[in-house]
Amino acid sequence: MKKIILSFIAGCFVLTATAQTKITFNTDLAKTKISKHIYGHFAEHLGRCIYGGMYVGEGNTKIPNTAGVRNDVIAALKDLKVPNLRWPGGCFADAYQWKDGIGPKEKRPKMVNVWWGGVTEDNSFGTHDFLDLCEKIGAEPYLAGNVGSGSVKDLADWVSYVNQPTGSPMSDLRIQNGRKTPWNVKIWGVGNEAWGCGGNMTADYYANIYRQYATFMKDITPESELYKVASGASSNDFAWTETLMKNIPHNMMSALALHHYSVLSWKETKGPSVGFTETQYFKTMDEAWKMEEFITKHSTIMDKYDPQKKIDLIVDEWGGWYETDAEGKGALYQQNTMRDAMIAGLTLNIFNNHADRVRGANLAQIVNVLQAVILTNEEKMLLTPTFHVMKMYNVHQDATLVPMSIESPTYEFNGKKLIAVNSSASKDASGALNISLTNIDYRKSHEVIINLRGEDFSKVSGQILASASISDHNTFEQPNKVLVKDFSGAKLEKGVLKLTIPAYSVIVLKATK
Ligand code: AHR
């Protein structure tokens, strides 16, 4: 079998042929922080993400809740250590009138969700509900502003409503609505997918619009200095990144976004979320691996205009996208299997290894939509394999990336090849080294030999997410079919770690001194 060496040298992966799975971590060369915001999530008014998912309302429900948000969801999200949560869209953001979602709930006007199924919403989950939820789960809010169908004034007013302590019409309105102190929201999206549902704009036109909107989004207090995110490219639209980097003054933009979904096809079938073929599995992994290429190429363009890497790349939508299960068009409800665990493990390793430019990301989406970490059905709730991977990888949040080189065998199917084992590692504040490994191979386990160069470690412990079938998933009848287990299969001797990683599994190891 052919093997591939993947070395991460000066921000680029270098591929060469080799014979064995080997990794070297240069523990003494760790210097780049992995921003915890890489582990962010996304909640859109779409299907049952908000209404009938996280939010069940305060009135007529037997589901235990706090201010209408399910207590079991709150507990799970706290456990997950969600660093930031993006809301209210997605495409929905550019149709959302935030002023319709404040004040007494019974007086709020209804709206039609034009992007997602044309359903009528009562605006009962609005700005206060979202920002209070973020406080409860300890997540930083990431508000996506309406540029497509809103106005500069509306967005400037929203900033003032949530961030002005007192003395403005908007702060007075907030206080009148029951919230005395501002929330100090820092992260703001200036529109979403401006090239598509956000207004079908050209890059040149959006760059101008961005400048106009950003001018009126003011830093009000030092605690709420704004972090403005420009609507970024889709997958391989490198011209979009080039135009924005060229035309938007860099002091007006904190970050540029990128969206990439692991989808089989936008035109034909996206395939089922469960019971997929190996052809479909391979294609999903191929799409997931493209994240590496896209980040590298977008970063290279950003480097040309911003060699000091002041502007962040934020992948604020990513994940697997399949045909909707059962709930009708526009709901985007799908099951979540070990295939999704592979997307998550691989993608997070890619993000970690690009921590010098990728400083945020948002998995789409948090509850009941696309690659969700939580699924709900009436009073029942379950945690998906993706939840478990995100939680296992939490150890990397705000830790220091350890530079690496990796030689991996390939996963081969129908004459095509993908790198099978991928990895990343970081050192945490206690000095422990955390190593994450994902083997996307559909058929084979792989022996892994890890050289811990630069420092001495004496103990190793670990966790594994593995299951008998790639299609395995948790159901409301069997919510613990796919679960994290302790892993004691890694042996550490004279600075070398040896283990075997099963087919389609994720392992996180902790080495201590
Ligand atoms: O996440 C679902 C949708 O995908 C979002 O609303 C949009 O931004 C993207 O096209």
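Quick note: numbers below take in every heavy atom, side chains included, and nothing from hydrogens, waters or symmetry partners. As the structure lists them, so they are numbered: ligands from 1, and atoms in each ligand from 1. Nothing here was measured: the structure is a model prediction, and the numbers come from that model.
- Within the 6.0 Å centre-distance limit, the rings of His45 and Trp87 are counted as a close aromatic pair.
- In this structure, CD1 in Ile374 is found 11.5 Å from CG in Asn336, a value given to the nearest 0.5 Å.
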> Passes side chain to side chain contact (heavy atoms under 4.5 Å, CB included), Trp188 versus Val229? Steps please.
Replying inline: CA-CA 6 Å; Trp188 291 83; Val229 184; over 6 Å; no

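- The part of Asn192 lying near ligand 1 is the side chain, judged by heavy-atom distances below 4.0 Å.
- Proximity of His41 to Arg86: side-chain heavy atoms (C-beta onward) are nowhere separated by under 4.5 Å.
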>> The test is ring pair (Phe, Tyr, Trp, His ring centres under 6.0 Å); show your working for Phe92 and Trp115 and say whether it passes.
In response: CA-CA 6 Å; Phe92 181 83; Trp115 289 112; over 10 Å; no

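- Residue Trp116 touches ligand 1 through its side chain alone, judged by heavy-atom distances below 4.0 Å.
- Scanning the protein for heavy atoms near atom 1 (O) of ligand 1, the closest one is Tyr261 OH, 2.8 Å.
- For Tyr281 and Phe413, the ring centers sit 6.0 Å or farther from each other.
- Those atoms of ligand 1 that come under 4.0 Å of a heavy atom in Leu370, given as number and element, are 1 (O), 2 (C).
- Counting the atoms of ligand 1 from 1 in the order shown, those under 4.0 Å from a heavy atom of Gln365 are 1 (O), 2 (C).
- Proximity of Trp321 to ligand 1 is established by a heavy-atom distance of less than 4.0 Å.
- Regarding atom 4 (O) of ligand 1, its nearest protein heavy-atom neighbour is Glu317 OE1, 3.2 Å.
- Across Tyr393, Tyr39, Trp318, a single residue satisfies ring pair (Phe, Tyr, Trp, His ring centres under 6.0 Å) together with Phe351, and that is Trp318.
- Contacts between Phe42 and ligand 1 below 4.0 angstrom, taking non-hydrogen atoms only, involve the side chain exclusively.
- Remark: ligand 1 atoms within the under-4.0 Å shell around heavy atoms of Glu193 are 7 (C), 8 (O), 9 (C), 10 (O).
- Polar contact check, Cys91 against ligand 1: a nitrogen or oxygen pair lies under 3.5 Å apart.
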